[in-house]
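Let me begin by handing over the structure; questions about it come next.
A, B, ... follow the sequence lines: proteins, then strands. Residue 1 opens every chain. Just so we're clear, the structure is a prediction, and the values are computed from it rather than from any experiment.
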Amino acid sequence: MPDERITPRSDDFSTWYNDVIMRAELADYSPVRGCMVIRPRGYRIWELMQGALDDMFKETGHENAYFPLLIPESFLAKEAEHVEGFAPQTAVVTHGGGKQLEEPLVVRPTSETIIYAMLSKWVQSYRDLPVLLNQWANIVRWEMRTRLFLRTTEFLWQEGHTAHASEEEAVEETLLILGVYRQFMEEWMAMPPVTGVKTESEKFAGAVRTYACEALMQDNKALQAGTSHFLGQNFAKAFGTQYQTAEGGLDYVWSSSWGVSTRLIGGLIMTHSDDVGLVCPPKLAPTQVVVVPIFRSDEQRQAVMEVGRRVFDSLRSAGLRAAFDDREAMKPGAKYYEWEARGVPVRLEIGPRDVEKGQAMLARRTGGKAPVSLEGLTDHVATALQEIQTVLCEDARDRRDAHSFRHVTKDQLVELMDGDGGFAYGGYCGDEACELAIKQVTKATIRALPDEEFRSDPAPSTCVWCGRTAEVEAVWARAY
RNA sequence: CGGGACGUGGCGCAGUCCGGUAGCGCACCUGAAUGGGGUUCAGGGGGUCGUGGGUUCAAAUCCCACCGUCCCGACCA
């Protein structure tokens with residue numbers, strides 16, 4: 001009886017992770033290796049994420065557009081770092097209409113190239129700027145090893161692409177979106193991330209600087225959950241995206257690009273779920289509350305079903321995503337397990353005794369069960385949902401903080417990464433040799449942002465690895 | 001591409017060492033009873049034992065080759 005939450009055993013985290021997905025019926029592997037089928041329950045979570053993010057993007061002035069899936073191979077090659085980074089992992093179309101194509105087409109691994117080819121045409125004057133675009137799309141990256149939601153050959157994402165008249169404005173945009181992502185992860189996903197700047201070797205191929213949100217999963221590994229790139233004028237120069245300034249001169253646009261993907265669903269699972277199955281934050285739960293009627297005799301059946309149906313209707317009218325489990329061939333206990341595996345935050349049990357007393361039993365996915373009055377029931381449910389959302393976020397934040405270590409020494413860093421893992425904070429000289437050495441043990445490095453809540457105080461003065469004077473503070477972690 | 005494990009009804013597995021009629025659990029179908037945390041009983045359907053070759057009277061089992069999957073690395077969101 002899961003009155004208390006069970007923390008996944010860390011000895012077999014990937015098996016547990018796959019099991020949660022399968023039991024909650026979120027996704028499955030397709031016959032094509034590395035490709036994922038997102039099932040309706042999983043896709044609904046994505047739709048809810050899309051809805052929330054889209055609202056946030058629109059509030060900040062962005063508009064949706066769509067660019068083609070197929071990109072001429074030569075486009076990719078126009079930006080040197082970009083092609084170096086992405087060419088090895090593209091799928092290429094060589095034939096069309098039964099004939100070999102004159103120029104192969106790559107299936108987009110990201111859309112910067114095709115978008116800048118178009119912006120060159122659309123942007124003439126500083127009056128055309130800024131351009132603030134977002135695209136919801138699927139992309140393909142030929143990865144060596146895949147895992148459901150975390151890394152699949154094809155995946156769904158949103159990619160924002162903006163062009164500005166000044167460097168400051170483009171940087172401001174990059175940071176604005178990083179903040180939007182952070183807010184979304186905290187408020188909707190109940191997954192508080194750490195934000196920072198990626199190192200040279202980990203930044204986006206073609207960017208000047210990559211900012212990232214890293215969240216700590218229940219196995220104490222970090223997951224890169226969202227990235228926002230300051231692209232400088234790299235793509236503008238590669239594609240000749242120029243505009244006439246107010247002063248009459250000619251300049252290249254400054255740009256940013258940013259994205260989050262269906263990987264977020266993987267993060268959601270690894271942040272909250274337990275051995276019973278999925279735990280879904282109420283704001284992103286496809287079903288927020290399920291009503292389970294319980295009865296023995298036929299008279300009981302009628303009364304209970306009637307009340308259950310009425311409760312269900314009132315929940316729906318109140319705008320909650322509710323379900324009424326009136327399957328008669330299934331015993332209540334079996335239903336509980338099923339809805340728990342699916343991550344439904346609140347369950348209302350209604351039996352003859354409850355009908356008599358004018359109440360229902362309200363069980364929380366996070367543990368605990370208590371009677372609530374049918375009077376004002378939707379308010380009770382709404383309150384419970386809010387509390388669950390809050391508790392999940394606080395738990396996740398507490399876990400992150402409990403596994404965050406400041407002012408680590410070299411030995412502590414190595415020990416931490418060999419052992420339980422977590423976020424390690426310390427000084428960093430920025431030297432390439434140090435970065436390479438640290439990457440051997442940590443796999444994820446970001447320079448903490450100045451406003452980072454875990455920032456050491458005072459700032460570290462020496463590099464954790466080499467002991468020389470430190471330039472910045474960094475966060476290290478084992479990562480996915 | 002390196003290191004490890006595995007391949008047997010839809011799913012999960014036993015059987016392989018020591019060759020002898022293809023098994024179990026879950027799921028599914030039929031019927032009845034049951035119903036406040038995974039119901040019970042009775043009956044039933046469903047398998048080229050990854051593929052090919054070899055040894056043998058006889059191969060899921062032994063030998064060889066190949067294919068595929070998963071996990072750990074290298075690649076990456």
Side-chain angles (χ1 to χ4, degrees), chain A residues 1-3 11-19 22-23 25 28-29 31 33-34 36 84-90 109-110 138-159 181 193 198 201-205 207 210-215 222-229 257-267 276-277 292-298 300-301 304-305 325-341 347-357 359-361 363 369 371 439-440 443-444 478-480:
Chain A
M1 193 179 189
D3 267 349
D11 54 328
D12 209 351
F13 199 76
S14 30
T15 306
W16 165 82
Y17 174 74
N18 270 311
D19 201 47
M22 294 303 169
R23 283 202 285 164
E25 296 175 344
D28 205 345
Y29 277 116
R33 198 200 159 275
M36 174 175 60
E84 199 184 318
F86 281 109
Q89 48 176 317
T90 52
T110 176
N138 57 334
I139 63 175
V140 166
R141 293 179 188 177
W142 214 263
E143 303 287 355
M144 288 170 179
R145 248 184 92 204
T146 59
R147 299 194 60 191
L148 289 172
F149 289 115
L150 301 181
R151 187 172 297 106
T152 48
T153 302
E154 178 186 358
F155 58 95
L156 305 181
W157 77 346
Q158 68 57 220
E159 48 179 325
Y181 284 159
K198 283 282 178 183
S201 67
E202 287 179 51
K203 75 174 190 196
F204 174 75
T210 290
Y211 297 87
C213 295
E214 299 271 352
L223 180 76
Q224 188 177 116
T227 47
S228 186
H229 317 290
S257 72
W258 27 275
V260 294
S261 72
T262 37
R263 168 179 264 203
L264 287 179
I265 298 174
V276 177
V292 180
I294 300 158
F295 51 82
R296 194 185 309 247
S297 63
D298 269 357
Q300 288 178 346
R301 177 181 183 281
V304 163
M305 288 299 246
D325 193 345
D326 58 358
R327 289 175 294 182
E328 300 208 8
M330 208 169 175
K331 288 185 78 167
K335 290 181 182 177
Y336 300 167
Y337 278 97
E338 189 174 291
W339 290 105
E340 279 161 9
R347 179 181 68 238
L348 286 173
E349 305 167 11
I350 300 178
R353 297 204 291 270
D354 299 312
V355 172
E356 227 167 83
K357 293 186 205 162
Q359 64 173 40
M361 292 299 287
K369 183 149 103 170
K439 255 195 100 169
Q440 306 277 323
K443 303 197 192 126
R478 267 193 317 209
Y480 275 94

Original post:
Quick one: the side chain of R301(A) and the base of G35(B), do they pair up donor-acceptor inside 3.5 Å?
Top reply: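 In this structure, the two groups form no donor-acceptor pair.
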Original post:
If we require ring centres under 5.5 Å and near-parallel planes under 30°, does Y336(A) stack on G37(B)?
Top reply: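 Stack criterion not met.
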Subject >> Nearest listed nucleotide, side chain of R296(A), among C71(B), A77(B), G35(B) >> reply: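 That would be G35(B).
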**OP:** Answer with base, sugar-phosphate or nothing: what part of the nucleic acid does L223(A) contact at a heavy-atom distance below 4.0 Å?
**Re:**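 No contact.
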Original post:
Looking at R141(A), does any N or O in its side chain come under 4.0 Å of the phosphate oxygens OP1/OP2 on C76(B)?
Top reply: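 False: R141(A) side-chain N/O out of range (4.0 Å or more) of C76(B) OP1/OP2.
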**OP:** Report yes if at least one side-chain N or O of K369(A) is closer than 4.0 Å to OP1 or OP2 of G36(B); otherwise report no.
**Re:**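 So the side chain of K369(A) is outside the cut-off, no N or O lying under 4.0 Å from OP1 or OP2 of G36(B).
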**OP:** Look at the side-chain N and O atoms of K331(A) and state whether any lies under 4.0 Å from the OP1 or OP2 oxygen of G36(B).
**Re:**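 Answer yes for this pair, as a side-chain N or O of K331(A) is under 4.0 Å from OP1 or OP2.
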Original post:
Is there a donor and acceptor pair closer than 3.5 Å between the side chain of E340(A) and the base of G37(B)?
Top reply: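 Side chain to base: pair present.
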Original post:
Any chance the side chains of H229(A) and S257(A) put a donor and an acceptor closer than 3.5 Å?
Top reply: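 No, no side-chain donor-acceptor contact under 3.5 Å.
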Original post:
Is the F155(A) ring parallel, tilted or perpendicular to the W157(A) ring (thresholds 30°, 60°)?
Top reply: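 Ring orientation, 0 to 90° scale: perpendicular.
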Subject >> Ion pair check, E338(A) and R327(A), cut-off under 4.0 Å >> reply: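 Salt bridge present between E338(A) and R327(A).
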Subject >> Residue M144(A), side-chain heavy atoms: nucleotide from C71(B), G36(B), C75(B) that is nearest >> reply: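 Selected nucleotide (nearest to the side chain): C75(B).
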**OP:** Establish, yes or no, whether a centroid distance under 6.0 Å links the rings of F204(A) and F86(A).
**Re:**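 Centroid separation for F204(A) and F86(A): below 6.0 Å.
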**OP:** Go through C76(B), G36(B), C71(B) for me and flag the one nearest to the M361(A) side chain.
**Re:**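 Selected nucleotide (nearest to the side chain): G36(B).
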Original post:
Which one, G37(B), C71(B), G36(B), comes nearest to the side chain of Y337(A)?
Top reply: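 Of the candidates, G37(B) comes closest.
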